[in-house]
Amino acid sequence: MFGRVDTSAIVGIDGRRVIVEADYGQGLPAFDMVGFLGSEVREARERVKSALKNTGIPVPPGRLTVNLSPADLRKTGNSFDLPVAVAIMIALGILPQETTEKYSFVGELALDGSIRSISGVLSHVILARELQKEACIVPRENVREGAAISGIRTLGFLTLQEVMQFLLTGEYREPEEALPELEKAEERLPDFSEILGQEAVKRAAAVASAGMHGLLMIGPPGTGKTLTAKRIPTILPPLSEEEQIECSRIHSVAGLLDPSEGLIRIRPFRSPHHTVSASALVGGGVIPHPGEMSLAHNGVLFLDELPEFPKSVLEVMRQPLEDQRVVISRVHGSYVFPTRVMLVCAMNPCRCGYYPDRNRCKCSEAEVHQYLSRLSRPLLDRIDIACEVPRVDVAKLQGTENTGMDSEKLRSIVIRAWEIQKERYKGLGILFNSQLQGREIRKFCVLGKEERSLLTEAFEKLELSARAHDRILKVARTAADIDGSERITTAHLAEAVSYRSADRKFFGG
Amino acid sequence: MNENERGYFLLSQTAAETAGNSLRILRELEPSEVLSLHGRDLLSFETGVDFREMAEFDRLRDPAVLDALFEETEKKGLRFLCREDPDFPEEFLALPDPPAGIYVQGRLPKPDQQKVSIVGSRRCSEYGRECAYFFGKELSKYGVNIVSGMALGVDGYAGRGALSAADPGGFPEGHSFTTAILGGGADLCYPKENVGLFRSILDQGGCILSEKPAGYQAKPYDFPKRNRLISAYGSCLAVIEAAERSGTRTTVDFALALGKEVFAVPGRIGERMSLGCNELIKNGAHMLTCPEDILQYLGFSVKADTKKPVHIPMTPEEKEIYDCIGSESVMIDDLLLRSNFPVSMILEILVRLEMKGAIRKSALSGYVRVQDGRKQ
């Protein structure tokens with residue numbers, strides 16, 4: 001007898017259709033699995049055998065062959081156990097072939113026949129929808145994740161017994177717990193109002209968010225650089241449904257999706273430690289997995305202590321930052337992961353962190369120079385806004401009521417700017433001012449006579465380099481968008497110039 | 001080169017020229033007689049040279065080698081002035097241990113040009129930096145040559161200030177604005193961070209000199225010796241900023257030993273970088289609060305308030321922000337508390353003020369007013 005079942009394999013973050021075929025017939029007792037399998041898939045044989053036995057389905061002695069097609073796609077991961085078991089049950093004549101064809105199956109089996117959770121369910125479900133299946137059958141723990149995809153049912157089961165029952169009788173019990181509300185998820189987030197003072201930094205963060213510009217914060221320890229970075233996701237507009245699915249897919253493939261949360265609803269904030277390896281940052285591995293940059297897709301990638309990151313690691317980020325996706329090539333093909341992130345970096349001005357406070361900093365000028373020169377110029381070129389985070393006099397702030405900006409006010413600024421940009425760049429494949437290049441800059445960042453002379457003067461007096469020119473224009477464009485102004489005025493331009501000052505002084509830019 | 005010059009040159013090229021060695025030798029020998037010495041003879045002058053240095057001396061005493069070396073030095077743009085040269089600055093002869101000769105690159109100040117040594121900490125504060133630049137510039141406007149060590153911090157900023165006055169052209173052709181006395185060879189830029197300053201000194205009519213031969217890399221123990229030249233060269237010594245224990249201290253001691261007047265810029269109490277200067281004032285140094293203090297000492301007739309204050313046109317908003325900024329770093333948060341402008345506007349005003357040259361961004365922490373000598 002013969003049985004076939006649809007399932008899928010994960011390639012990058014996409015699902016690829018895989019068909020599991022099982023054939024049972026006369027012959028010496030054997031159980032073979034073929035189809036370019038990874039070792040964890042080959043081991044499915046033992047799990048499936050035991051699970052079937054413990055579900056009360058004896059496999060009579062005979063020749064059993066299981067094939068996973070297409071034969072040229074390497075199958076890895078733990079999601080093939082369930083489809084293999086189902087295919088065998090069809091081959092044994094326990095389940096009808098026709099009913100199972102309406103479904104796609106994924107899941108790992110335990111020896112006792114229960115179904116264990118897997119990663120990447122979203123991509124499996126999305127593929128099942130594309131294949132126009134009626135439903136995707138997944139482990140119960142993953143059902144919430146899959147339920148987020150509309151246009152297809154996701155059915156979750158705890159045991160192989162339940163799956164068999166369902167396929168024979170159509171009996172299904174919906175899980176009871178409800179999904180947490182979005183508002184609840186956002187309530188737990190930090191808020192900008194918790195940062196006292198530092199209004200200039202908050203402004204810089206808002207401008208950076210409004211145009212998705214790279215942000216670099218320079219300041220001594222304990223001045224709120226990390227606090228600020230953590231709060232940036234709260235002023236970015238909420239994730240759209242499409243973005244939620246994009247983010248969740250990546251997290252799902254990486255096995256980082258919290259099963260109780262369903263989809264990722266708040267903007268990701270990833271803060272890899274500076275010991276991170278290049279492949280952990282952009283993605284990699286024998287079977288490529290998404291890296292921190294992809295996990296931060298649609299959100300914030302925060303690199304604290306920027307000069308401590310090895311140069312080689314920072315260099316690999318350049319291309320993905322530019323292209324907003326990373327392509328990892330392997331013998332069996334290329335894997336593409338999206339990496340549209342807002343880059344936020346923080347650093348101390350010197351090794352001890354207190355420069356230029358000579359009462360505390362003991363570094364020599366040469367040491368300060370050396371510390372700063374660890375940053376690569378090309379990476380800095382991808383950071384449009386640099387701001388300084390000075391020490392705050394705590395005593396001074398305790399007296400005053402905090403009247404500063406909170407996340408809600410800042411977010412409204414950002415949302416408006418995003419809408420203006422969306423309208424302007426319709427059909428150009430661009431979303432934000434930070435993505436403008438060459439000719440586009442000249443087209444969208446037009447300066448009047450007065451503005452042009454201000455810019456020229458700024459270049460002369462403030463010793464800016466030519467590299468800064470485009471970035472100033474882009475940031476000025478964002479400042480104008482925040483004001484809802486079509487024209488870039490001198491005020492916008494001057495503000496943009498102020499965000500270059502740090503790198504002019506420290507990096508000779 | 002005559003025989004005496006050759007003798008001096010040989011001495012200054014070798015290890016014989018270390019703290020007082022040449023002094024001991026020249027006390028007993030004529031400079032020309034040095035040429036007939038052998039390396040091992042140096043031992044009899046209690047010079048403390050080692051075998052390597054003796055061998056080097058023997059190599060150089062060969063007239064052909066010495067001539068080649070002299071030529072090479074000149075090719076590098078250095079002029080060797082021996083102690084007997086008419087151009088040799090006589091200020092150095094007042095030292096108990098004058099150098100056998102000096103190497104000069106650039107334009108040596110005329111003997112009658114007034115010279116003021118400005119020194120201070122390498123790790124100076126914003127205040128020290130601002131003061132060094134200001135005094136360098138203001139004194140330079142009166143034709144005073146600023147002598148310093150081109151080190152990081154105060155020395156470098158004093159030199160930069162002096163060069164910033166080099167523009168107007170009110171000085172006779174061949175006027176020298178600043179003299180940098182280095183611890184290593186005068187052809188090497190040390191510290192390398194100041195290579196920009198090194199170039200501009202040579203381009204804008206300053207001079208770089210050293211008692212060390214070309215190509216000599218300065219060792220830590222060379223700097224106190226260099227400091228004695230700095231204190232000897234200026235008519236008086238101005239200390240801008242110094243911590244309690246610093247290299248500046250040795251310069252002051254040399255100046256006092258030479259009977260030079262010492263001026264010190266007062267600092268705020270409690271600041272680490274002010275301790276040295278305040279201590280100097282307590283011990284009798286002149287308090288330096290304006291360039292006139294030094295100018296009057298040098299004999300310039302300076303009328304108190306003839307200078308027109310520089311007027312920088314400002315809008316009322318710019319004025320309001322400008323008035324909040326003093327000589328101490330002010331941060332944007334403070335400006336927000338003191339004015340009613342939104343952040344974006346303050347950022348804009350600050351950039352405008354900066355472009356007008358009214359304020360300056362201090363390293364990292366905020367903004368300071370640019371010193372313009374106005375009574376505030």
Side-chain angles (χ1 to χ4, degrees), chain A residues 196-204 206-207 218-220 349-350 355-366 368-369 387-393 396-397 399-400 403-405 454 457-458 460-462 479 482-483 489-502 504-506, chain B residues 121-129 151-153 156-157 190-194 196 241 243 267-268 270-275 317-318 329-338 340-358 360-368:
Chain A
L196 294 179
Q198 304 291 25
E199 290 302 315
V201 181
K202 290 186 196 175
R203 172 76 186 178
V207 175
I218 311 171
C350 70
Y355 181 85
D357 181 352
R358 281 312 189 182
N359 287 326
R360 301 179 77 169
C361 174
K362 302 273 191 305
C363 302
S364 71
E365 294 281 333
V368 175
H369 254 266
C387 75
E388 297 163 11
V389 188
R391 292 186 62 76
V392 174
D393 192 342
K396 212 185 286 174
L397 287 171
T400 58
T403 52
M405 297 293 248
L454 177 105
E457 198 186 337
E460 278 167 15
K461 295 264 169 72
L462 306 180
I482 286 174
D483 271 2
T489 67
T490 51
H492 302 138
L493 211 51
E495 190 184 342
V497 169
S498 78
Y499 297 130
R500 297 310 307 161
S501 51
R504 150 189 125 214
K505 173 157 298 129
F506 290 102
Chain B
S121 175
R122 272 171 293 157
R123 292 194 256 155
C124 61
S125 66
E126 285 300 321
Y127 171 72
R129 174 182 162 175
L152 294 170
Y157 287 110
Y190 182 93
K192 62 179 189 301
E193 285 86 346
N194 274 345
E241 199 175 42
R268 305 200 315 161
E271 297 277 329
R272 199 164 65 87
M273 298 316 297
S274 299
L275 287 172
E317 291 86 13
E318 286 170 357
S329 257
V330 177
M331 285 180 273
I332 293 174
D333 276 342
D334 300 328
L335 295 175
L336 270 168
L337 289 176
R338 289 188 218 168
N340 285 322
F341 302 133
V343 197
S344 52
M345 189 160 167
I346 289 184
L347 290 172
E348 178 202 338
I349 292 173
L350 288 173
V351 170
R352 285 177 191 275
L353 285 173
E354 207 181 346
M355 292 198 314
K356 286 178 180 173
R360 183 170 66 75
K361 207 167 164 71
S362 61
L364 262 188
S365 33
Y367 289 84
V368 292

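Here the structure is a predicted model, which is why all the values come from computation and not from measurement. Within every chain, numbering begins at 1; the chains are lettered A, B, ... in the order of the sequence lines, protein sequences first and strands thereafter.
Remark: B:S344 pairs with no residue by the side chain to side chain donor-acceptor pair (under 3.5 Å) rule, at least two apart or across chains. Residues passing the salt bridge (Lys or Arg N to Asp or Glu O under 4.0 Å) test with A:E495, sequence neighbours excluded: A:R203.
Heavy atoms of A:L493 lying under 4.5 Å from chain B are absent altogether. Interface remark: B:E193 contributes side-chain atoms only to the contact with chain A (heavy atom separation under 4.5 Å).
When B:L152, B:L350, B:L335 are compared by the number of non-hydrogen pairs under 4.5 Å with chain A, B:L152 comes out ahead.
At a cut-off of 3.5 Å, with distance as the only test, a side-chain donor of B:E241 or B:S125 sits close to an acceptor on the other residue.
Proximity of B:R352 to B:E317: side-chain heavy atoms (C-beta onward) are nowhere separated by under 4.5 Å.
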